[in-house]
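I have placed the structure first, in the form of structure tokens, so that the comments after it can refer back to it.
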Amino acid sequence: MEDSKIIGLFFERSETAITQLTEKYGKLCKKIAMNILKDPEDAEEAFNDALLGIWKSIPPNRPDSLIAYVCRVVRNQALKRYEYNTAAKRNSYYDTALEELEECLSAPSDVEKEIEARQLEADIDQFLGLLKQEDRVIFMRRYYFSDPYTDIALLTGMTEKNVSVRLTRIRSRLRDFLKERGYDL
Amino acid sequence: MNIKVFQDALANVDDKYIEEAAVYAAASGESGTAYGQSSIHKRHPGLWKGLVIAACCIIAVSATVNIASGISHMGCGGASGAAKDSAYYNSFDADEAIAETAAEAQASGEISGGAAPEDIALGGNPAEGAAAYDNGYEIAEDKGEIAEDAKAIEEDPQAAYAYSQSAKEGFFSWLTESWTHILLIPGAIAAVFLIVFLILRAIMLRKRH
């Protein structure tokens with residue numbers, strides 16, 4: 001079913017919307033949650049929470065891109081659960097992915113400002129716009145969807161080594177890009 | 001800037017980039033349509049590699065067979081197909097020379113018999129023609145009008161195959177018979193190198209995992 005029709009079902013408050021959404025994007029959403037949480041039960045719960053969140057937010061929201069909207073909600077739910085879970089223990093897998101990025105970003109955290117955060121969002125968008133499509137997908141799959149190298153390699157038809165090298169170069173470009181814009185790295 | 005700030009900013013990245021990355025996953029069985037490379041490449045990343053290896057194998061085998069054929073030209077007594085052709089053509093020339101010599105010899109009374117020149121040239125059935133031909137052959141031979149390779153055919157057709165063309169000449173005559181033969185050699189070497197490279201790479205990757 002087309003996304004616009006699924007959104008229409010949400011506006012009609014039809015429960016078929018949930019069924020259709022799950023059928024179309026369920027696998028992708030559960031993968032995102034699973035990548036972050038590394039626990040099937042937690043991932044399932046995060047997905048269900050996300051579905052509830054989507055049910056409550058559409059309407060009034062009418063997303064231009066349903067898939068992006070759903071991914072965002074699922075990711076946020078998974079991250080919330082992750083933060084809750086990791087209050088006591090660390091999930092080494094997800095931390096590893098973030099630590100890779102931290103190498104090019106690490107700096108004291110007490111200088112953060114709201115303006116900088118907004119500017120950073122715009123700059124990240126700009127940076128992504130400068131990348132080739134394949135590099136952008138690799139970057140997003142790794143740092144937004146938290147995909148392991150194996151899955152990215154399968155997705156792009158590259159070897160894991162290639163994916164790793166490509167990500168290293170992208171991170172290096174990101175560091176240079178952010179430095180040029182005066183970020184304290 | 002710390003990672004949390006970056007993570008928050010990344011969380012608010014433009015929808016189009018999220019959608020692009022999400023839809024890219026389609027080929028791996030998640031949803032939507034794939035961008036970029038063909039879906040068959042994503043579903044079967046090893047397929048194209050397999051096809052390339054298969055093509056290389058075919059080229060390598062074909063090239064090896066052809067080169068072996070070329071080498072066999074060197075091997076069978078050193079006589080190439082070109083050498084054989086050359087000997088046969090020379091034998092026709094020799095026939096003409098013999099016929100001419102025999103006719104001249106007849107005219108001058110050097111040899112007897114009333115064989116017609118065409119009978120002499122055939123060297124065949126009419127007894128007189130055969131006799132005249134033999135005589136003509138001897139005279140032509142004495143005069144050095146019969147090429148060595150043609151002489152070999154006349155005396156022993158089997159031995160003609162072993163006519164004294166060197167192995168090197170045999171191979172080069174095969175090589176220059178067609179431009180495809182020249183291309184086969186670098187093609188075969190490249191194909192063999194590629195196959196060896198891919199096999200070694202596969203072994204290295206397997207070891208690494």
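Here is how names work: the chains are called A, B, and so on, in the same order as the sequence lines, proteins then strands, and each is numbered from 1. This is a predicted model, so every value here is computed, not measured.
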Using a 6.0 Å cut-off, check whether atom [atom1] of [X] has over 12 heavy atoms from anything other than its own residue.
{"X": "A:Asn61", "atom1": "CG", "result": "yes"}
{"X": "A:Arg13", "atom1": "CZ", "result": "yes"}
{"X": "A:Phe11", "atom1": "CZ", "result": "yes"}
{"X": "A:Gln126", "atom1": "CD", "result": "yes"}

For [X], is it the side chain, the backbone, both, or neither that has a heavy atom closer than 4.5 Å to a heavy atom of chain B?
{"X": "A:Ile124", "result": "side chain"}
{"X": "A:Leu79", "result": "side chain"}
{"X": "A:Tyr144", "result": "both"}

Heavy-atom pair of closest approach, residues [X] and [Y]:
{"X": "B:Glu20", "Y": "A:Val137", "result": "CG-CG2, 4.0 Å"}
{"X": "B:Glu19", "Y": "A:Ala68", "result": "N-CB, 4.2 Å"}
{"X": "A:Phe145", "Y": "B:Ile18", "result": "CZ-O, 3.7 Å"}
{"X": "B:Asp14", "Y": "A:Asp125", "result": "N-OD1, 2.9 Å"}

Practice task
Look up atom CG in B:Leu10 and atom CZ in A:Phe139, then write down how far apart they are to the nearest 0.5 Å.
Solution key: 5.5 Å
Exercise for the section: Report the option among A:Gly26, A:Pro63, A:Gly129 that has the most heavy-atom pairs separated by less than 4.5 Å from atoms of chain B. Expected result: A:Gly129
Exercise for the section: Identify which of A:Lys30, A:Met140, A:Arg136, A:Arg75 forms the greatest number of heavy-atom pairs closer than 4.5 Å to chain B. Expected result: A:Arg136
Exercise for the section: Quick one: list whatever passes salt bridge (charged side-chain N to carboxylate O under 4.0 Å, His left out) with A:Asp3, sequence neighbours left out. Expected result: A:Lys24
Handout entry: B:Tyr17 and A:Leu131, any side-chain heavy atoms less than 4.5 Å apart
Key = no
Practice task
Would you please name every residue forming a side chain to side chain donor-acceptor pair (under 3.5 Å) with A:Asn76, sequence neighbours left out?
Solution key: none
